[in-house]
Amino acid sequence: MTKNRETDLAYDYDVFNNFEEFFDISHDLFCIVGYDGYFKKINPAVCKLLEYTNEELLSKPINHFVYHKDKEKTSLARNELKSQIPLFDFENRYLTKSGKIVWLLWTSIPVDEEKIIYAVAKNISSKKELEEERKLHLKRLTEINNQFKQLSYSTAHDLRSPVNNMLAIFELMDTTDIKNKETLEFINILKSTTNTLKENLNEYIKLLNSKNETDSQLEEIDLNNCLNEVLISINSLIENSKATINIDFSEVQKINFNKSYLKSIFLNLITNAIKYVKPNTLAQISIRSERNNNSNQLIISDNGVGFDLEKVKGKVFGLHQTFSDNIDSNGIGLYLVHNHVNNLGGHITLESQINKGASFIITFKD
């Protein structure tokens, strides 16, 4: 034997030993499987995961260890391998010796000349558990959302009767004998507010009854007109609080959105700005539109108590999340605003500091 030949054999021996070592120490499951459906060689990771000895795993058909609901699809996959069709990203479940179910993700390559299959698998049980938890959370959120919709529908529907009664009283009321101009003005404000409330309730019920809750609700909305409707409905609150509202829609006058949603956004953010004004301070509210990065934006800012964003991050738009001792805080307003924006493909961000007010930036879907 020549010296070069001896060197080649020594090299081949070292490479073989390295592969054997790699095979044995890998945390992935390495297997050599026969066309007869038996393991021919497995690494220690297989024994560790399935809790069987090497001899136990080699002595019985592979399907003996497969979870009963996956036996058929595993047999079908093995038949495809025998037809020289490699297998990628195949998932199935195995049953450990102690009865625990584990999920495996397989890549398998057939070698027809030797009637064997080289296969490697990863344990994806943790991933599957997270997916299952996610499904359960989504199911629960869907149930909560449906309950919330039903509650909204019931509330809006039930409120129509007293509102109609109030309007009937206004129609019956004889104001000709009332000489006090301020009293007449208050009556007119109450009548106008009640009419607006009736319209809003009817719109909400129509919206909740609608099966298509996305594009069919979109319409071109004049921002000034929409905002004025809201300001009229809360005129008394604005006057009593002596709040100042600065409006600038010069950059964007109209947007495509849902009118009921937009009125709810205006209503919640304006009333919040008045509600959470700093002590001994009059509320100053800025409402403006902008065109930014080819998107229409609505920015509503105030000079109120603000938020500590480090503390409220990720929670500010959550249902029933309150960050104030105010008796009227219920954690619903910002949740509704966030959902109105997100439901129609937009997004909302908050910029704020404690005692330096808050700015809500709404970016609408183009």
Side-chain angles (χ1 to χ4, degrees), residues 148 151-152 155-156 159 189-190 193 196-197 200-201 204 223-224 226-249 257-290 297-343 346-364:
F148 187 73
L151 176 62
S152 299
T155 303
L159 282 173
I189 290 172
L190 283 171
T193 302
T196 302
L197 178 57
N200 287 341
L201 288 172
Y204 289 146
L223 291 173
N224 260 314
C226 185
L227 177 59
N228 283 335
E229 289 182 27
V230 174
L231 295 181
I232 290 171
S233 71
I234 56 172
N235 181 62
S236 298
L237 174 65
I238 295 170
E239 287 191 356
N240 289 337
S241 67
K242 295 182 172 58
T244 301
I245 302 178
N246 298 308
I247 304 164
D248 182 6
F249 294 143
F257 201 63
N258 176 272
K259 190 173 182 180
S260 295
Y261 283 2
L262 186 58
K263 287 170 71 174
S264 178
I265 290 168
F266 279 138
L267 179 66
N268 279 290
L269 293 183
I270 293 170
T271 54
N272 275 1
I274 295 172
K275 187 189 303 182
Y276 300 112
V277 68
K278 289 182 291 186
N280 304 315
T281 305
L282 297 179
Q284 293 184 357
I285 305 165
S286 166
I287 305 174
R288 69 185 192 277
S289 62
E290 287 186 3
Q297 289 187 325
L298 178 67
I299 298 96
I300 301 179
S301 305
D302 62 57
N303 63 334
V305 294
F307 296 85
D308 185 339
L309 292 183
E310 289 299 318
K311 290 184 179 180
V312 305
K313 190 175 182 180
K315 298 188 294 183
V316 69
F317 296 112
L319 181 61
H320 298 311
Q321 295 290 333
T322 57
F323 311 100
S324 167
D325 294 331
N326 192 304
I327 192 171
D328 293 327
S329 297
N330 53 34
I332 294 177
L334 292 183
Y335 172 80
L336 287 174
V337 170
H338 180 266
N339 275 269
H340 292 336
V341 175
N342 278 33
N343 284 347
H347 65 269
I348 181 170
T349 56
L350 168 63
E351 296 177 358
S352 182
Q353 294 182 41
I354 289 292
N355 291 323
K356 292 188 177 181
S359 290
F360 294 90
I361 300 99
I362 298 167
T363 303
F364 298 99

Enquirer: Please check if any side-chain donor atom of Gln297 sits under 3.5 Å from a side-chain acceptor atom of Thr363, or the reverse.
Expert: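 Gln297 vs Thr363: donor-acceptor pair found between side chains.
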Enquirer: How many angstroms lie between CG in Leu336 and OH in Tyr261, if you round to the nearest 0.5 Å?
Expert: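 The OH atom of Tyr261 is 10.0 Å from CG of Leu336, to the nearest 0.5 Å.
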Enquirer: Going from CG on Leu298 to CZ on Phe249, what distance comes out if it is rounded to the nearest 0.5 angstrom?
Expert: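 The distance works out to 6.0 Å.
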Enquirer: Who are the side-chain contact (heavy atoms from CB on, under 4.5 Å) partners of Leu197, not counting sequence neighbours?
Expert: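 Val163, Leu201.
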Enquirer: Please find the pair of heavy atoms, one from Val341 and one from His347, that lie closest to each other, and give the distance.
Expert: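 Closest pair (atom of Val341, atom of His347, distance): CG1-N, 3.3 Å.
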Enquirer: Return yes if some donor-acceptor pair links the side-chain N/O of Asn303 with the main-chain N/O of Leu282 below 3.5 Å, else return no.
Expert: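 Yes, the answer is positive, given that a donor and an acceptor are paired below the 3.5 Å cut-off.
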Enquirer: Hey, is the main chain of Ile189 close enough, under 3.5 Å, to the side chain of Thr193 for a donor-acceptor pair?
Expert: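 Yes, the answer is positive, given that a donor and an acceptor are paired below the 3.5 Å cut-off.
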Enquirer: Please list every donor-acceptor pair under 3.5 Å in which a side-chain atom of residues 350-360 meets a protein atom from a residue at least two apart or in another chain.
Expert:
unit_1: Ser352; atom_1: OG; unit_2: Phe307; atom_2: N; d: 2.8
unit_1: Ser352; atom_1: OG; unit_2: Gly357; atom_2: O; d: 2.8
unit_1: Ser359; atom_1: OG; unit_2: Ser301; atom_2: OG; d: 2.7

Enquirer: Rounded to the nearest 0.5 Å, what separates atom CG in Leu223 from atom CD1 in Ile287?
Expert: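 Leu223 atom CG to Ile287 atom CD1 measures 10.0 Å (nearest 0.5 Å).
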Enquirer: To the nearest 0.5 angstrom, please state how far the CG atom of Asn246 sits from the OG1 atom of Thr244.
Expert: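 If we round to the nearest 0.5 Å, Asn246:CG and Thr244:OG1 are 7.0 Å apart.
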Enquirer: Pair Asp302, Gln284 - check side-chain contact (heavy atoms from CB on, under 4.5 Å), show working.
Expert: CA-CA 6 Å; Asp302 62 57; Gln284 293 184 357; over 6 Å; no
Enquirer: In a table with atom names and distances, give each donor-acceptor pair under 3.5 Å that connects a side chain of residues 226-241 to protein atoms at least two apart or in another chain.
Expert:
unit_1: Asn228; atom_1: ND2; unit_2: Asn224; atom_2: O; d: 3.2
unit_1: Glu229; atom_1: OE1; unit_2: Lys263; atom_2: NZ; d: 3.0
unit_1: Glu229; atom_1: OE2; unit_2: Lys259; atom_2: NZ; d: 3.0
unit_1: Ser233; atom_1: OG; unit_2: Val230; atom_2: O; d: 2.6
unit_1: Asn235; atom_1: ND2; unit_2: Glu239; atom_2: OE2; d: 3.4
unit_1: Asn240; atom_1: ND2; unit_2: Ser236; atom_2: O; d: 3.2
unit_1: Ser241; atom_1: OG; unit_2: Leu237; atom_2: O; d: 3.0
unit_1: Ser241; atom_1: OG; unit_2: Ile238; atom_2: O; d: 3.1
unit_1: Ser241; atom_1: OG; unit_2: Ala243; atom_2: N; d: 3.3

Enquirer: Check each of Asn339, Leu269, Ile348 against Leu334 using the side-chain contact (heavy atoms from CB on, under 4.5 Å) test, and report the only one that passes.
Expert: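 Exactly one option meets the side-chain contact (heavy atoms from CB on, under 4.5 Å) with Leu334, and it is Leu269.
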Enquirer: What distance do Asn258 atom CG and His340 atom NE2 have between them, rounded to the nearest 0.5 Å?
Expert: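 NE2 of His340 is found 8.5 Å from CG of Asn258.
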Enquirer: Atom CD1 in Ile245, atom CD1 in Ile247: separation rounded to 0.5 Å?
Expert: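 Output value for this atom pair is 6.5 Å.
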